[in-house]
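Only one structure is covered here, and it is reproduced in the block below.
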Amino acid sequence: MAHEVVRRVEEVAGRLAATAQDSERLGRLADESVKLVREAGVMRLLQPTDFGGYAAHPRDFAEAVMAVAKACGSTGWVCGVGGVHPWEMALMDRRLQQEVWGENPDTWIASPYMPSGIATPAEGGYVLKGRWQFSSGTDHCDWIFLGALVGDADGKPAQPSKVLHVVLPRRDYAIVDDSWDVIGLCGTGSKDVVVDGAFIPAYRTIDSEEVASGERAAERAGRTETVYRLPFWTMFPLGITSAVVGIAEGALACHLDYQRDRVMAAGTRVRDDPHTLYAISEAAAEIAASRTQLLDGISRLHDRAEAGEPITFEDRSTVRRNQVRCAWRAVSAVDEIFARSGGNAVRRSNAVQRFWRDAHVGLQHAIHIPGSIYHSNALTSMGIEPAEQLRALI
């Protein structure tokens with residue numbers, strides 16, 4: 001049975017789709033899109049129940065993100081990225097959770113996690129400086145997760161390097177409004193943010209390695225729900241790839257609707273052309289396979305955690321390998337149907353071109369780069385321990 005949030009998204013899918021052009025024009029999510037997502041409860045799926053969330057199975061979260069992205073790629077992307085932040089917030093100090101959600105459980109949190117700043121130790125915490133790119137949905141968020149390298153006394157990265165995830169309220173960072181001029185996922189408003197000397201109390205920080213392991217952070221935070229024992233590099237990519245698969249599903253739906261009565265340049269109706277029909281079915285099967293494999297991977301890891309079994313690096317590596325492949329397979333399928341959509345598919349009035357652009361920009365995210373992930377998994381499959389640099393993002 002579909003989760004109630006997924007059902008609510010499906011009920012408002014038409015209204016969400018109607019906001020897509022406005023979001024693209026604005027360079028951020030349209031207010032109506034944000035309203036619909038808030039009312040559906042998508043961002044609260046991975047939020048702990050003691051702060052108004054569902055602490056849901058990550059499969060339900062992935063299905064909700066896909067349903068949103070099928071209607072509007074940019075909104076789905078923001079849900080996929082931003083929807084994971086409540087999951088990590090559940091692993092933070094309860095004082096911080098109270099600050100973020102105490103008055104409003106619908107408070108949204110932005111990121112990015114790339115350690116593009118330096119956190120210099122100070123009494124009771126750190127002083128942070130830096131500039132970060134790709135803060136998706138940041139205009140609609142009141143708090144932010146940022147990746148930062150711990151600094152030395154001179155404000156340079158300390159050695160050995162240590163990465164923190166730090167959390168700031170909106171008053172402590174600036175959004176660079178003209179920093180998101182792109183060809184796809186335009187409505188995500190994934191702008192740059194700047195921090196210039198903000199103080200971060202120690203309780204608003206967490207060691208990135210602790211979050212990456214999953215179980216350690218959950219134990220320290222006193223979280224017993226299974227979802228919080230999963231590794232970061234399983235959960236964060238799940239949201240992003242779910243958005244890409246949902247975008248592919250949206251592209252397919254638009255393509256089918258457009259092709260139903262289309263007559264090609266040679267005068268043949270698409271419904272009578274076996275070559276185009278073959279391509280449609282093949283693409284549909286590839287997109288469906290991507291959905292199935294992505295959901296199967298996260299379900300398998302959740303089952304292991306539920307049973308109290310350890311999640312090994314090999315487990316994580318295999319799920320990451322498959323997750324990357326899901327994204328590439330789905331976008332390749334979109335290319336096949338777009339190539340057969342005819343010249344009018346490139347008009348901005350035809351939604352299929354927006355889904356096509358959104359899918360390709362989504363594939364550009366660092367978690368979809370296959371090289372080191374595939375390399376590491378192949379070694380792991382042969383019983384060979386990958387070098388440290390090949391273990392990154394797994």
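- A salt bridge between Asp192 and Arg131 is present, with a side-chain N of the basic residue lying under 4.0 Å from a carboxylate O of the acidic one.
- Within a 6.0 Å radius of CZ in Arg300, no more than 12 heavy atoms belonging to other residues, nucleotides or ligands are found.
- A search for side-chain contact (heavy atoms from CB on, under 4.5 Å) contacts involving Glu306 returns Thr226, His302, not counting sequence neighbours.
- Dense packing is recorded around NE2 of His57, with more than 12 heavy atoms of other residues, nucleotides or ligands lying under 6.0 Å away.
- Between Trp180 and Phe134, the ring planes lie perpendicular to each other; the angle is over 60°, past the 30° to 60° tilted range.
- Within the 3.5 Å criterion, the main-chain N or O of Leu29 finds no donor-acceptor partner in the side chain of Ser33.
- Checked against side-chain contact (heavy atoms from CB on, under 4.5 Å), Glu88 has the following partners two or more places apart in sequence or in another chain: Tyr113, Phe145, His165, Ile206, Val211, Phe232.
- With hydrogens and angles disregarded, a donor-acceptor distance shorter than 3.5 Å links the side chain of Trp132 to the backbone of Gly147.
- Partners of Glu39 according to the side-chain hydrogen bond (donor to acceptor under 3.5 Å, both in side chains) rule, which considers only residues two or more places apart in sequence or in another chain, are Lys35.
- Remark: Leu393 pairs with Trp233, Arg320 by the side-chain contact (heavy atoms from CB on, under 4.5 Å) rule, at least two apart or across chains.
- At least one test fails for Arg59 against the ring of Phe61: distance under 6.0 Å to the centre or angle within 45° of the axis.
- Sorted by first then second residue, the ring-ring contact (aromatic ring centres under 6.0 Å, His included) pairs that include residues 310-344, not counting sequence neighbours, are Phe338-Trp356.
- Between Phe51 and Trp101, the ring planes are tilted. Angles from 30° to 60° get that label.
- Arg38 forms a cation-pi arrangement with Trp108, by the criterion of a distance under 6.0 Å to the ring centre and an angle within 45° of the ring axis.
- Applying the side-chain contact (heavy atoms from CB on, under 4.5 Å) test to Val263 and every residue at least two apart in sequence or in another chain returns Arg269.
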